[in-house]
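Below you'll find the structure, written out as structure tokens, and then a few comments.
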Amino acid sequence: GVPQAAVFDTGFHSTIPEEAFLYALPYEFYQRHGIRRFGFHGPSHAYVVRRAAELLGKPCRELNCVTCHMGGGVSLTAVRDGRSVDTTVGFGTLCGVPMGTRCGDLDPAVVLYLIDELGMSSAEIHRLLYHESGLKGLSGIGSDMRDVTEAARQGNRRAEMAVQVFTRA
């Protein structure tokens with residue numbers, strides 16, 4: 001008897017135009033396999049757009065801005081006329097800016113190197129990129145920015161560098 005609702009994390013980004021959601025792969029990979037930029041953190045970005053419009057006293061459809069979702073996951077979204085037109089997170093949740101445990105943008109050649117030169121398996125690379133990278137991997141402290149900035153204040157060089165990488169992105 002409890003009402004239920006489905007909220008799709010990618011729904012807000014359904015307005016991204018084809019030229020923004022396509023990757024520069026052969027088009028068949030999009031057609032046959034659906035490989036494209038989807039965007040994530042949609043409910044958060046949608047809320048920020050609505051709230052910004054409210055604070056600015058204008059309709060959402062007249063709002064142009066960049067919204068930021070900052071937490072364990074991080075994404076930025078370009079908004080035109082209140083609608084998502086581009087975003088930093090794509091097919092999966094690794095790309096874009098560095099996150100708590102995720103690497104953010106990474107040259108695909110690094111992944112090939114991990115496979116070819118270091119002999120890492122897909123599962124090992126998945127764990128590395130999703131769970132051992134980002135603030136956690138750079139700092140050696142963890143994924144919570146409060147802990148990392150405290151360690152940086154105390155002179156921990158790796159924590160200092162993690163903060164610099166995160167805020168530079």
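Below, all heavy atoms of this structure are taken into account, side chains as well, without hydrogens, waters or symmetry copies. Keep in mind it's a predicted model, so treat the numbers as computed, not measured.
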TODO: Could you check L55 against R51 for side chain to side chain contact (heavy atoms under 4.5 Å, CB included), going step by step and ending with a plain yes or no?
DONE: CA-CA 6 Å; L55 290 171; R51 184 71 176 123; 3.5 Å; yes
Task: Stepwise side chain to side chain contact (heavy atoms under 4.5 Å, CB included) test for T67 and L76 - done: CA-CA 6 Å; T67 59; L76 309 176; over 6 Å; no
Task: Verdict with supporting geometry, R83 and D81, salt bridge (Lys or Arg N to Asp or Glu O under 4.0 Å) - done: CA-CA 6 Å; R83 302 171 76 179; D81 302 325; over 6 Å; no
Open item on the list: I'd like to know whether T77 forms a side chain to side chain contact (heavy atoms under 4.5 Å, CB included) with D86, so could you lay out the CA-CA distance, the side-chain angles of the two residues, the decisive distance to 0.1 Å, and finally the verdict.
Closed with: CA-CA 6 Å; T77 294; D86 209 345; over 6 Å; no
Task: Worked verdict on R102 versus T93 for side chain to side chain contact (heavy atoms under 4.5 Å, CB included) - done: CA-CA 8 Å; R102 291 175 270 179; T93 57; 2.8 Å; yes
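Atom CZ of F8 and atom OG of S14 lie 11.5 Å apart (nearest 0.5 Å). A distance of 12.5 Å separates CD1 in I125 from OH in Y130, rounded to the nearest 0.5 Å. Taking OG1 of T149 as the start and CG of D144 as the end, the distance is 8.0 Å to the nearest 0.5 Å.
Applying the side chain to side chain donor-acceptor pair (under 3.5 Å) test to E117 and every residue at least two apart in sequence or in another chain returns nothing. Legend: residues meeting side chain to side chain donor-acceptor pair (under 3.5 Å) with S139, ordered by chain and number and at least two apart, are absent. R127 is linked by a salt bridge (Lys or Arg N to Asp or Glu O under 4.0 Å) to E132, counting only residues two or more places apart in sequence or in another chain.
When ring centroids are compared, F29 and Y23 stay outside the 6.0 Å threshold.
Geometric assessment of R36 against the ring of F38 yields a positive cation-pi assignment under the 6.0 Å and 45° thresholds.
What you find for V49 and G82 is that their closest heavy atoms are CG1-O, 4.0 Å. Counting all heavy atoms, side chain and backbone alike, L63 lies closest to A52 at CD2-CB, 3.9 Å. Residue Q154 comes nearest to E150 through the heavy atom pair NE2-OE2, 2.8 Å, listed as atom of the first residue, atom of the second, then distance. The shortest non-hydrogen separation linking L129 to L94 is O-CD2, 3.2 Å. Considering all non-hydrogen atoms of both residues, G90 and F40 come closest at O-CE1, 3.3 Å. Across all non-hydrogen atoms, the minimal contact from S75 to H41 is OG-ND1, 2.7 Å.
Counting only heavy atoms from C-beta outward, the side chains of V165 and M161 approach each other to under 4.5 Å. With contacts defined as side-chain heavy-atom distances shorter than 4.5 Å, the pair V74/F166 qualifies.
If you chain together hydrophobic residues whose side chains sit under 4.5 Å apart, L138 and L128 never meet in one group. In the hydrophobic clustering of ILVMFWY residues, with side-chain heavy atoms under 4.5 Å counting as a link, I115 and V110 come out together. Hydrophobic clustering (side-chain heavy atoms under 4.5 Å, transitive across Ile, Leu, Val, Met, Phe, Trp, Tyr) groups L56 together with V79. Cluster membership check: M99 shares its hydrophobic cluster with V148, using side-chain heavy-atom separations under 4.5 Å among Ile, Leu, Val, Met, Phe, Trp and Tyr. In this structure, I35 is not a member of the same hydrophobic cluster as I16, with clusters built from ILVMFWY side-chain heavy atoms closer than 4.5 Å.
Side-chain atoms of R50 never come within 3.5 Å of backbone atoms of C60 as a donor-acceptor pair (strictly under, hydrogens ignored).
Counted within 6.0 Å of CZ on R153, heavy atoms from surrounding residues, nucleotides or ligands total more than 12; the atom is thus considered enclosed.
Ring geometry for H45 against H13 counts as perpendicular: the plane angle is over 60°, on a 0 to 90° scale with 30° as the lower cut.
Using a 3.5 Å distance cut-off with no hydrogens or angles, the side chains of R37 and T87 do not pair a donor with an acceptor. T101 and H131 share no side-chain donor-acceptor pair at under 3.5 Å.
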